[in-house]
Amino acid sequence: MTGLFFVVEGHTEEDFVNQILIEHLAYANVIVRRVVKVGRGKQSGGMVSYARLRDHLELLMKQHRGVYFTTLIDLFRIPTDFPSFQAMNNLRDPVSRATRFEQAMLEDFTQRADTRFFVPYIQMHEFEALLWTDPTVLDSSLVTLGAASKLTELQAVNLQYETPEHINNKPETAPSKRLEQLYGDAYNKKLIGSLVAKNIGLERLREACPRFGAWVTKLEQLGQK
């Protein structure tokens, strides 16, 4: 069995790993040892700084040698102290930007830890993008919580983008912000994330969101090492 640590941005990502990825990866002989949250507080998410993420990772990687580590953090509002932030943030293509930030993390850790055991991942643009994979499931989940249906609006947004991961124009229109605007108080970010993801199913999420899918495949392959 291969051991794996997750270092995640906030409660939503932590919940997703605990409720969905841990069981799935166990079938691939990958055992999640621990999920470490480095967000702003006990219940809130959002990265405080790259320095905080780096310090957590460096300490854990020194304490648990031979165990793999991965991250689950958002490209949306990525901290400005990330390595090469200005150069990366000026890239217009979000796929290139997220990939280059991951590479920058690997390069930064070259002198800090054994990067053979490091699989950095940055979600484009944020975790909530995955929930747009199936607007029908997303809408029905919120309707059960008392919201008015906004299925037509969800579908219209989806049609504008190459993949759900591409949904974002500016801070006011990030995936989670759009849901807040459409559903108001019925959209509970902490509650709805894993519920919708579970209802959609991991395989459909992977098919619709190729960067996310490629990351899950990398994690599965750790069980073959």
Side-chain angles (χ1 to χ4, degrees), residues 3-18 21 32-65 67-130 165-177 189-190 193 209 211-212 214-216 218-219 222:
L4 175 66
F5 275 63
F6 279 83
V7 177
V8 304
E9 180 163 328
H11 175 85
T12 305
E13 292 83 2
E14 179 184 38
D15 202 35
F16 177 71
V17 174
N18 284 329
L21 290 185
V32 177
R33 299 275 188 89
R34 187 175 167 192
V35 184
V36 181
K37 182 161 63 70
V38 293
R40 289 189 169 87
K42 187 174 182 180
Q43 294 300 323
S44 63
M47 287 290 298
V48 176
S49 67
Y50 174 74
R52 178 181 171 90
L53 171 67
R54 180 197 63 215
D55 292 347
H56 271 78
L57 270 169
E58 186 174 4
L59 177 61
L60 288 167
M61 292 171 87
K62 287 179 178 178
Q63 292 174 336
H64 302 275
R65 298 183 187 278
V67 177
Y68 285 88
F69 286 80
T70 192
T71 59
L72 177 51
I73 58 179
D74 294 342
L75 181 62
F76 177 56
R77 288 180 174 165
I78 198 165
T80 57
D81 66 334
F82 246 78
S84 305
F85 173 83
Q86 197 58 50
M88 306 304 183
N89 213 43
N90 286 337
L91 293 173
R92 298 191 63 177
D93 175 42
V95 176
S96 298
R97 191 158 70 248
T99 301
R100 292 285 296 278
F101 272 126
E102 292 168 355
Q103 293 170 346
M105 290 177 68
L106 272 176
E107 292 168 6
D108 184 47
F109 269 82
T110 298
Q111 303 302 319
R112 301 177 187 277
D114 189 343
T115 52
R116 293 177 301 170
F117 294 90
F118 187 27
V119 185
Y121 176 66
I122 295 174
Q123 177 62 46
M124 188 184 82
H125 286 278
E126 60 177 350
F127 169 81
E128 286 74 18
L130 303 177
E165 293 178 302
H166 284 79
I167 296 175
N168 193 61
N169 289 330
K170 49 189 176 181
E172 306 84 63
T173 54
S176 62
K177 299 301 180 184
K189 184 173 180 176
K190 301 181 184 70
C209 304
R211 284 199 87 256
F212 169 78
W215 172 59
V216 175
K218 285 182 184 178
L219 300 183
L222 298 179

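Side chains included, hydrogens not; waters and symmetry mates left out as well; all remaining heavy atoms used. From a predicted model like this one, the values you see are computed outputs, not experimental measurements.
We find the OG-CG distance between S84 and D108 to be 9.0 Å, quoted to the nearest 0.5 Å. The CH2 atom of W215 sits 5.5 Å away from the CG atom of L21 when rounded to the nearest 0.5 Å. With values rounded to the nearest 0.5 angstrom, T99 atom OG1 is found 9.5 Å from Y121 atom OH. Taking CZ of R33 as the reference point, atom OH of Y68 lies at 12.0 Å (rounded to 0.5 Å). Summarising the geometry, atom CD1 belonging to I78 is positioned 11.5 Å from atom NE2 belonging to H125; distances are rounded to the nearest 0.5 Å.
Every residue was checked against the side chain to side chain donor-acceptor pair (under 3.5 Å) condition with N168, not counting sequence neighbours, and none meets it. For Q111, the side-chain contact (heavy atoms from CB on, under 4.5 Å) criterion is met by no residue, not counting sequence neighbours. Judged as a salt bridge (charged side-chain N to carboxylate O under 4.0 Å, His left out), and not counting sequence neighbours, the contacts of R211 are E102. Applying the side chain to side chain donor-acceptor pair (under 3.5 Å) criterion to E165, with sequence neighbours excluded, gives Q123. Among residues two or more places apart in sequence or in another chain, the side-chain contact (heavy atoms from CB on, under 4.5 Å) test is passed with F109 by Y50, R54, L57, E58, M61, R112, A113, T115, F118. Taking the side-chain contact (heavy atoms from CB on, under 4.5 Å) definition, one finds that H166 meets it with P94, V95, M124, Y161, E162, T163, sequence neighbours left out. For D55, there are no salt bridge (charged side-chain N to carboxylate O under 4.0 Å, His left out) partners two or more places apart in sequence or in a different chain. With sequence neighbours left out, the side-chain contact (heavy atoms from CB on, under 4.5 Å) criterion links A104 to P83, M88. With sequence neighbours excluded, no residue satisfies ring-ring contact (aromatic ring centres under 6.0 Å, His included) with F76. Not counting sequence neighbours, K218 has no partner by the salt bridge (charged side-chain N to carboxylate O under 4.0 Å, His left out) test. Here S49 pairs with nothing under the side chain to side chain donor-acceptor pair (under 3.5 Å) rule; sequence neighbours left out. Residues that satisfy the side chain to side chain donor-acceptor pair (under 3.5 Å) test with N18, not counting sequence neighbours, are absent from this structure.
What you find for L4 and V67 is that their closest heavy atoms are N-CG1, 3.8 Å. When all heavy atoms of L53 and M105 are compared, the pair lying nearest together is CD2-CE, 3.9 Å. Smallest separation of non-hydrogen atoms from V35 and V32: CG2-CG1, 4.1 Å. Between H11 and K37, the shortest heavy-atom distance links the atoms N-CD, 3.3 Å. Here the closest non-hydrogen pair linking R100 and L91 is CG-CD1, 3.9 Å.
A donor-acceptor pair is defined here as one N or O able to donate and one able to accept, closer than 3.5 Å; such a pair exists between the side chain of D81 and the backbone of A51. Remark: the backbone N or O of P120 is not paired with any side-chain donor or acceptor of T70 at under 3.5 angstrom. A donor-acceptor pair under 3.5 Å is absent between the side-chain atoms of E13 and the main chain of L72, judged by distance alone.
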Test log, rule side chain to side chain contact (heavy atoms under 4.5 Å, CB included), inputs I122 and F82:
CA-CA 12 Å; I122 295 174; F82 246 78; 4.2 Å; yes
Given the rule in the side chain to side chain contact (heavy atoms under 4.5 Å, CB included) test, do I73 and F101 qualify, once you have shown the distances and angles that lead to the verdict?
CA-CA 11 Å; I73 58 179; F101 272 126; over 6 Å; no
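Contact annotation: the side chain of E128 approaches that of T12 to within less than 4.5 Å [non-hydrogen atoms, C-beta and beyond]. Counting heavy atoms from C-beta on, the side chains of L219 and F6 come closer than 4.5 Å.
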